[in-house]
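Here is the structure we will look at.
Heads up: numbering here begins at 1 and tracks the sequence.
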Amino acid sequence: MITQTITQLTAGGPYGDGAWNGPHFFFPFFPLLFLLLVAAFIITGAVRRRRWHAEAPRRDAESTLGERYATGEIDEDEFRARRAVLREKTK
């Protein structure tokens with residue numbers, strides 16, 4: 001039993017020809033699947049980059065507003081009002 005199993009494993013499978021005898025009809029789908037995965041990565045990256053660039057001006061404006069509040073140029077009410085305006089326009 002063990003000898004037969006070792007012989008089959010070393011000979012390349014139960015048929016002994018050393019070839020992979022799996023379902024060959026899947027082969028044409030592998031390149032298509034690869035291209036779909038590459039396209040999905042490119043589209044995902046483009047969408048994330050676009051969202052990141054769209055949020056950058058708001059983040060810059062809010063950080064400037066926060067710095068002005070921290071230095072005492074504006075009071076808390078003005079800070080909250082201006083921050084609400086910034087967040088309202090981006091939505």
Roughly how far, to the nearest 0.5 Å, is the CG atom of Leu37 from the CD1 atom of Ile42?
-> 11.0 Å

By side chain to side chain contact (heavy atoms under 4.5 Å, CB included), which residues pair with Glu76, not counting sequence neighbours?
-> Tyr69, Arg80

Who pairs with Asp77 by side chain to side chain contact (heavy atoms under 4.5 Å, CB included), at least two apart in sequence or on another chain?
-> Asp75

Within residues 31-51 or reaching into it, pairs that qualify as ring pair (Phe, Tyr, Trp, His ring centres under 6.0 Å) - sequence neighbours excluded = none

Ile43 CD1 to Leu36 CG distance, which is reported to the nearest 0.5 Å | 9.5 Å

CZ-CD distance between Phe79 and Glu62, expressed to the nearest 0.5 angstrom | 7.5 Å

Check salt bridge (Lys or Arg N to Asp or Glu O under 4.0 Å) between Arg83 and all other residues, then give those that pass, not counting sequence neighbours.
-> none

Reported CZ-to-CZ distance for the pair Arg82 and Arg68, which is rounded to 0.5 angstrom | 5.0 Å

